[in-house]
Every structure is written in structure tokens, then in C-alpha cells.
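Here is the structure we will look at, set down as C-alpha cells.
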Amino acid sequence: MCGIIAARVSDPVAPYLLAGLERLEYRGYDSAGVAIRTVGHRVGTIRSTERVADLRPRVDAWDIEPLTGVGIGHTRWATHGSVCETNAHPHTDCAGRIAVVHNGIVENASTLRGTLEDQGHVFRSDVDSEVIVHLVERALGADQDLLLAVRIATAQLEGSWAIVVLDAETGRMVVAAERSPLVVARTGRGDFVASDVGAIAEWADTFVPLRDGDVVELGDSWAWTSGGVAVTTPLAQPSPFAAAALELGDHPDHMAKEIGEQPEVVARILDRTASGAVDGSMWTGLGLPGFHRVAVVACGTSLNAGSVIASALRGLGGVPTDMVVASEVDQAVLVPGTLVVAISQSGETADVLRALDRLDGGFPVLALTNNLHSSLARRADAVLDCHAGPEIGVAATKTFVAQVVVGVSVVIAALVASGRVDRSRARALVGDMQRLPGLIEQSLIASRDRIPLLVSSLVEAEGFLFLGRGPGLPFAAEGALKLKELSYRWAEAYPAGELKHGPLALVTDGTPVVVVDNGEPRLAANIAEVRARGGFVITIGGTDADVPAIGRDAGRLRARGADRLAAETLVDGHGMAAWGPLEAVVPLQMLARELAVGLGCDVDKPRNLAKSVTVE
């Protein structure tokens with residue numbers, strides 16, 4: 001959950017490192033630092049437990065000796081050791097010659113630390129990462145080749161790592177990766193390294209991702225090794241987005257910008273997927289075997305998106321599904337003939353990757369990710385790009401709708417290819433999906449009008465209930481997740497029918513209860529139960545709702561489809577009944593954001609959370 005930036009350039013490196021660290025802030029962190037080679041061939045280390053904006057003046061004030069064009073930077077999200085400058089990266093060796101930044105976890109750090117301390121190495125921090133710099137220092141005592149020293153050091157590690165090692169004496173820089181993302185890029189300005197290509201998109205049009213086991217020295221020419229063997233440098237790949245896509249423009253924050261981008265994102269995805277969904281080629285092109293059951297493996301928002309996709313599989317094709325919380329995979333029992341669908345917006349979610357380790361060998365894996373160069377993409381048997389574009393806000397918005405639309409598209413394609421759905425029905429389903437950009441745009445307009453007025457009545461609320469039924473339930477879960485992530489208020493989602501089995505005890509005068517109304521007839525009784533106890537009901541749904549996310553006709557069709565989907569000939573609206581009210585997620589997102597803004601919270605960088613969760 002940390003961020004790495006490094007560079008070897010001809011001009012001063014500090015501005016590049018600071019700009020890169022600011023672009024990595026969205027990943028979440030609690031400290032930041034840089035280590036820059038000085039003209040005297042020493043390491044200048046500057047760290048802070050505040051934002052990069054606090055680190056910048058500290059770097060500007062450095063006056064010990066001039067800094068050069070070679071340096072490394074890091075944003076840390078604490079896993080080992082408290083949040084303090086001593087534990088912040090970069091870390092240096094005993095002599096102050098070698099500096100290291102590290103993402104990941106060294107699982108055998110305690111054993112290595114004990115051995116190194118017995119040999120006289122002095123540790124200054126409590127973090128696992130510091131063992132790496134001392135291992136490199138020890139290896140250099142036997143041979144002054146930095147590339148060899150890093151290979152020797154990483155061979156002793158257990159766990160995961162993306163590291164950059166800087167030798168201030170020689171100016172050499174070596175990078176290595178194992179189960180943690182790292183990319184390198186060669187540009188007219190020099191060489192760049194980052195854990196996220198977005199951090200260097202301003203300067204690099206192409207990049208090369210490291211594979212597990214790669215150790216590479218950057219310099220006039222790159223020395224690329226894999227598994228200890230010299231190999232040809234892989235071909236560079238084009239950057240997936242322009243640096244301008246990372247800028248705010250006229251928007252108050254990235255979350256507001258990304259919520260507003262959702263109609264365009266959905267339209268762009270459907271342009272890519274519609275024909276392949278109708279004729280089944282989107283599925284057959286993946287080269288995966290047939291399946292009798294699907295297990296969705298994911299966490300957080302991706303798990304909610306997976307629930308929507310699973311709902312479509314069950315409702316449209318009668319395919320049994322399992323929802324597997326990735327961190328609880330040890331409790332999962334999968335049967336032969338199961339397809340595993342692993343979902344992660346970053347493709348680096350540690351719990352999902354470890355879940356695949358647990359399931360390894362027995363089941364084909366289809367990955368849904370927003371990063372085709374991620375660890376998940378490399379691990380899967382087939383990959384689908386979610387095409388959401390860069391998402392800076394930590395709380396996922398457009399990546400959720402992208403996962404749903406791509407996932408439902410491949411569901412339709414798979415059902416066509418397996419003969420469970422004929423092409424005429426698939427064409428009608430895709431026609432329903434092609435209404436989504438307009439529905440989401442409608443929902444945006446209604447939400448901008450209604451949500452601010454509602455939020456003014458909610459700022460004093462300490463907790464919220466979110467209710468839904470059937471295909472609407474995953475959206476209630478996503479709404480609750482967004483609200484707790486951003487506003488730090490308690491929010492719980494329940495099936496509306498469960499109210500009387502416990503949650504109704506929480507409802508008193510003024511308790512906010514948000515209802516995702518997808519036209520399910522039984523919701524009216526549940527709403528009445530809440531109002532009878534004085535609860536403050538907020539309905540999201542058709543034209544009569546407090547926030548009209550959908551038109552009256554769409555709501556009526558969806559309700560009819562929910563009751564009789566299996567029995568009736570498909571008509572317009574039944575597909576939406578199977579995968580649920582996707583457009584309802586917009587007011588849920590805006591409710592969470594507006595409340596958080598009203599409470600003075602940072603909606604782009606909520607506390608204790610990170611965009612790319614690379615620890616278990």
C-alpha cells in the first residue's frame with residue numbers, strides 16, 4: 001500500500017521525486033521521504049510524517065551539500081512499526097552509503113534482523129524493510145558489484161517486495177520485484193522507476209513492468225536479470241493514460257470528477273463489448289474452459305461489484321455462484337467445474353493474490369482488473385480490462401461501475417457461448433445495457449439537485465442503515481461502504497427483510513435509513529416498519545423516490561422482471577432486473593461524498609485506507 005518513485009536524470013532529481021510522490025498520495029500513506037545522492041557522494045535523507053506538501057519545504061531547505069540528479073522516494077503505509085520519521089523510508093545502511101525503499105512485506109525479517117545484529121549491523125527503525133539495506137551492505141563487503149549484492153540480498157528474503165537500491169558512492173541504482181508492482185521507464189530526461197505508472201506519466205510515454213524475480217540495474221544501458229540469469233530487456237509498452245487524465249481541472253476533488261465521468265466510462269466500455277457479448281466472442285476469445293459454477297473472489301468494493309455480476313449469472317443463466325471474501329478463502333470449498341473470477345481494480349490486492357495461491361492449480365481464473373500489467377493479470381488464465389481509466393480517489397466510484405459493466409458483458413457472452421441464452425435474448429440484454437449511460441446521466445442530474453438538501457439533515461447522524469432486496473442488495477452494501485469510508489460514520493447494509501430479525505432495534509427517531517428501491521413490492525412494508533419507529537427514510541429509485549435515480553417506466557419494468565424473469569419472454573428492462581439498478585450507485589456515492597465534505601473530511605484520501613492494498 002506504499003508508493004515508490006526513483007529517477008536518474010541529468011538535472012536535479014528532487015522536483016521529479018516530489019511530483020511523483022504527490023501523484024502517489026492517492027494510494028494512501030502515513031509518512032513520506034526521499035534519499036538523494038549529494039555531490040559529495042553521500043545520501044541526503046529527508047522524511048516527514050505529514051503530506052508531501054510538508055516534505056517539499058524540507059527538501060527546499062536542505063543546505064548540507066548540493067543534491068544531484070539521482071534519488072529515490074517513498075510513501076509509507078505502516079504495517080511494521082509505528083508512524084514516525086525513524087520508521088519512514090528511505091532506510092540507509094550503517095555507513096550511510098546505501099539507501100533503500102521497499103513495498104511489500106519481508107516475512108522472515110525477524111530472523112534476518114537477529115542474524116544481522118549478531119554480525120554488528122545497527123538498526124535504526126522497527127520496520128521489516130530495513131533488513132534489506134543491511135543485507136545489501138553485507139553482500140557489498142564481499143563483492144562491490146551492486147547488482148550482484150541485490151541479487152544475493154533478495155535471494156534471502158521471504159515474502160513480497162518491490163525495491164530500489166541506491167549506492168551514493170557510485171551513483172548506481174538497482175531495482176527488484178517479487179509479488180509487488182514496479183515499472184521502469186527510459187526517457188529523454190533519464191531513467192524513472194515507480195510502483196504506479198501514473199506517477200511518471202508526465203515524463204514517460206512507455207514503460208517496462210518488472211516480473212517476479214527480476215533484478216535490474218539502471219544506467220547508460222540496463223542490465224536485466226530474471227531468476228539470477230541475464231536476459232534481454234523486455235519490450236517497452238505504451239503508457240495507458242496521459243498525464244492530463246490525472247489532473248483535477250475545474251472539479252473540487254478527484255472523487256467528484258470521477259463520479260461525473262461514469263456515463264462516459266460506461267458508454268466507452270459498451271462500445272468495446274456490445275458485439276462480443278451478443279455473439280459470445282467476448283467469452284470464446286478468452287480461451288477458458290466451460291464451467292458449471294462460478295466463484296467470485298474479491299474484497300471491498302470489488303466484492304460488491306462481484307455480487308452484482310453473480311446476480312446476473314444466476315438471474316440470466318441459472319448458474320450457481322459462490323461469493324468468496326478473499327481474506328477468508330481458507331473457509332471456501334469449491335467444486336470441480338468452477339470458474340474463479342478474481343476482481344481487483346489495482347490488480348495488486350494482496351488478499352486476492354494470496355487467495356489464488358490457496359486455490360492454485362485446481363480452477364481456471366478469470367481476472368477483472370483496471371491494470372493489465374498487474375500481478376493479478378500475470379497470475380490469471382485470462383484477463384479482462386475494466387477500461388475505467390485512472391482513478392485517483394481512494395474510494396472507488398467509476399471502477400465499480402466499470403467492473404459491473406465488463407463483468408455483466410462477459411456473463412452474457414459466456415451464456416451465449418454455452419447455449420444457455422440465445423442471440424436474440426442476448427441482443428435485448430445488451431440493448432438494456434446500452435441504456436445505462438443515459439440512466440446514469442439522469443441519475444447525476446437528479447442527485448446534484450436532491451443530495452445536498454438531504455445531507456443538511458444528516459450531518460448530526462451517528463449511524464446509518466442501508467436496505468435493499470434481491471439485485472438491489474449489493475448496491476445497498478456499496479452505499480454503506482462508501483459512506484463509512486468517507487464520512488467515518490457507522491453504516492451497515494442489510495437485506496430489507498432482515499429488519500425484523502435484529503436491525504430494527506437500531507431505529508429510533510431520526511435514524512437515517514437509505515433504501516435502494518428497485519421496484520421490489522415487499523420494500524413498501526419494510527419502509528413502513530422504519531417510519532413507524534421514527535426512522536428518517538431516504539429512498540433511491542423511481543420518479544417518486546427522494547432521489548429519482550431512474551425513470552418511472554424503467555422502475556416498473558425492473559419490478560416486473562424481478563418477479564417473473566424466469567417465466568416471461570424477455571422484454572426491455574428484464575436484463576436490468578437481473579443485474580440490478582446500477583444507476584442507483586450515483587446518488588449513493590454522492591451522498592457519501594457530500595456528507596464527508598460537510599464534516600470536513602478529505603474525500604480523496606480517507607484516513608487509514610489505501611487505493612492499492614498490497615498487504616494482507
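Just so you know, these numbers come straight off a predicted model, no measurement behind them.
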(request) Would you please name every residue forming a side chain to side chain donor-acceptor pair (under 3.5 Å) with Ser375, sequence neighbours left out? (result) Glu348, Arg378
(message) Which heavy atom of Met323 sits nearest to which heavy atom of Gly306, and what is that distance?
(response) CE-C, 3.7 Å
(request) Any chance you could measure Ile445, atom CD1, to Glu441, atom CD, to the nearest 0.5 Å? (result) 5.0 Å
(message) Determine whether a donor-acceptor pair (N or O, by modelled atom type, separation under 3.5 Å) exists between the side chain of Ser443 and the backbone of Glu583.
(response) yes
(message) If we ignore hydrogens and angles and just use 3.5 Å, is the side chain of Ser456 paired with the main-chain N or O of Leu453 as donor and acceptor?
(response) yes
(message) Give me the atom names and distance for the closest heavy-atom approach of Arg593 to Ala256.
(response) NE-CB, 3.5 Å
(request) Might you work through the salt bridge (Lys or Arg N to Asp or Glu O under 4.0 Å) test for Asp357 and Arg354, ending with a clear yes or no? (result) CA-CA 5 Å; Asp357 290 341; Arg354 297 300 85 78; 3.0 Å; yes
(request) Using atom types as modelled and distance alone, determine if a side-chain donor or acceptor of Thr539 lies under 3.5 Å from a backbone N or O of Ala545. (result) no
(message) With a 3.5 Å distance limit and no angle check, can you tell me whether Asn370 reaches the backbone of Ala388 through a side-chain donor-acceptor pair?
(response) yes
(request) Could you give me the CA-CA distance, side-chain angles and deciding distance for Asn526 and Tyr494, then say whether side chain to side chain contact (heavy atoms under 4.5 Å, CB included) is met? (result) CA-CA 12 Å; Asn526 304 131; Tyr494 289 93; over 6 Å; no
Donor-acceptor contacts, no H, no angles, side chain residues 307-315, under 3.5 Å, sequence neighbours left out:
| from | atom 1 | to | atom 2 | distance (Å) |
| --- | --- | --- | --- | --- |
| Ser307 | OG | Leu303 | O | 3.1 |
| Ser311 | OG | Ala578 | O | 2.8 |
| Arg314 | NH1 | Thr321 | OG1 | 2.7 |

(request) Would you name the heavy atoms of Gly347 and Ser344 that are closest together and state the gap between them? (result) N-OG, 2.9 Å
(message) Measuring only between side-chain heavy atoms, which start at C-beta, is Leu486 closer than 4.5 Å to Cys601?
(response) no
(request) Specify the closest pair of heavy atoms between Gln434 and Pro437, including all atoms of both residues, with the distance to one decimal. (result) O-CD, 3.5 Å
(request) With sequence neighbours excluded, tell me which residues meet salt bridge (charged side-chain N to carboxylate O under 4.0 Å, His left out) with Arg358. (result) Asp330
Tabulate below the donor-acceptor pairs under 3.5 Å that side-chain atoms of residues 294-302 make, not counting sequence neighbours, or state none.
| from | atom 1 | to | atom 2 | distance (Å) |
| --- | --- | --- | --- | --- |
| Thr301 | OG1 | Glu478 | OE1 | 3.2 |
| Thr301 | OG1 | Glu478 | OE2 | 3.1 |
| Thr301 | OG1 | Lys482 | NZ | 2.8 |
| Ser302 | OG | Gln403 | NE2 | 3.1 |

(message) Once rounded to the nearest 0.5 Å, what's the spacing between atom CG of Leu467 and atom CG of Leu523?
(response) 8.0 Å
(message) Counting C-beta onward and ignoring hydrogens, is there a side-chain heavy-atom pair between Leu182 and Trp161 closer than 4.5 Å?
(response) no
(request) Return each pair, listed once, that meets salt bridge (Lys or Arg N to Asp or Glu O under 4.0 Å) where at least one residue sits in residues 522-533; pairs must be two or more places apart or across chains. (result) Glu520-Arg522
(request) Please confirm whether the backbone N or O of Thr399 pairs with a side-chain atom of Glu391, one donor and one acceptor, at under 3.5 Å? (result) yes
(request) Identify, with sequence neighbours excluded, every residue that meets side-chain contact (heavy atoms from CB on, under 4.5 Å) alongside Thr86. (result) Cys84, Ser125
(message) For residues 487-512, which residue pairs pass the salt bridge (Lys or Arg N to Asp or Glu O under 4.0 Å) check, not counting sequence neighbours?
(response) Lys484-Glu492
(message) Looking at Val603, is its backbone amide N or carbonyl O close enough to the side chain of Asp253 to form a donor-acceptor pair, meaning the two atoms are under 3.5 Å apart?
(response) no
(request) Look at the rings of Phe475 and Phe400 and say which category their plane angle falls in: under 30° parallel, 30 to 60° tilted, over 60° perpendicular. (result) perpendicular
(message) Tell me the closest heavy-atom pair linking Trp579 and Leu436, and the distance in Å.
(response) NE1-CD1, 4.5 Å
(message) To the closest 0.5 Å, what do you measure between CD1 (Ile538) and CZ (Phe464)?
(response) 7.0 Å
(request) Mind checking the CD1-OG spacing from Ile200 to Ser195? Nearest 0.5 Å is all I need. (result) 9.5 Å
(request) Would you mind reporting whether Val507 and Leu465 have side-chain heavy atoms less than 4.5 Å apart? (result) yes
(message) side chain to side chain contact (heavy atoms under 4.5 Å, CB included), that's the test. Do Leu376 and Leu356 meet it? Break it down for me.
(response) CA-CA 9 Å; Leu376 177 60; Leu356 296 188; 3.5 Å; yes
(message) Going by the rule salt bridge (charged side-chain N to carboxylate O under 4.0 Å, His left out), which residues pair with Glu264 if we only count those two or more places apart in sequence or in a different chain?
(response) Arg268
(message) Less than 4.5 Å apart, side chain to side chain, heavy atoms only: is that true for Thr75 and Ser31?
(response) no
(request) State, yes or no, whether a side-chain contact exists between Val514 and Leu588 at a heavy-atom distance under 4.5 Å. (result) yes
(request) Find the distance between CD (Glu594) and OG (Ser447) and round it off to the nearest 0.5 Å. (result) 10.0 Å
(request) With sequence neighbours excluded, tell me which residues meet side-chain contact (heavy atoms from CB on, under 4.5 Å) with Ala480. (result) Phe466, Ala491, Ala493
(request) Measure the shortest side-chain to side-chain distance between Ser129 and His89 over non-hydrogen atoms and say whether it is less than 4.5 angstrom. (result) yes
(request) Compare all side-chain heavy atoms of Asp517 with those of Ile540 and state whether any distance is below 4.5 angstrom. (result) no
(message) Measuring from atom CD1 of Ile451 to atom CG of Asp546, what distance do you get when rounded to the nearest 0.5 angstrom?
(response) 9.0 Å
(request) Please determine, by modelled atom types, if Ser180 and Asn103 share a side-chain donor-acceptor pair under 3.5 angstrom. (result) no
(request) Sequence neighbours left out, what passes side chain to side chain donor-acceptor pair (under 3.5 Å) with Asp54? Give chain and number order. (result) Ser48, Arg58
(request) Determine the minimum heavy-atom distance between Asn87 and Asp126, stating which atoms define it. (result) OD1-N, 2.8 Å
(request) Verify, without hydrogens or angle tests, whether Thr349 (side chain) and Asp351 (backbone) share a donor-acceptor contact under 3.5 angstrom. (result) no
(request) Report the C-alpha distance between Thr49 and Asp30 in whole Å, list the side-chain angles of each, state the deciding distance to 0.1 Å, and finish with yes or no for side chain to side chain contact (heavy atoms under 4.5 Å, CB included). (result) CA-CA 6 Å; Thr49 56; Asp30 47 47; over 6 Å; no
(message) With a 3.5 Å distance limit and no angle check, can you tell me whether Thr273 reaches the backbone of Ser409 through a side-chain donor-acceptor pair?
(response) no
(request) Check Gln262, Lys398, Glu258 against Gln589 for a side-chain hydrogen bond (donor to acceptor under 3.5 Å, both in side chains) and give me the one that passes. (result) Gln262
(message) Given 3.5 Å as the limit, does a donor-acceptor pair link the side chain of Asp604 with the main chain of His254, or not?
(response) yes
(request) Could you please spell out the steps behind the side chain to side chain contact (heavy atoms under 4.5 Å, CB included) verdict for Val405 and Met433? (result) CA-CA 8 Å; Val405 175; Met433 293 187 72; 3.8 Å; yes
(request) List in chain and number order the residues that pass side-chain contact (heavy atoms from CB on, under 4.5 Å) with Pro320, two or more places apart in sequence or in another chain; answer none if no residue qualifies. (result) Arg293
(message) Is the shortest side-chain heavy-atom distance between Leu458 and Leu591 below 4.5 Å?
(response) yes
(message) My understanding is that only residues two or more places apart in sequence, or in another chain, count here; which of them pass side chain to side chain donor-acceptor pair (under 3.5 Å) with Thr338?
(response) none
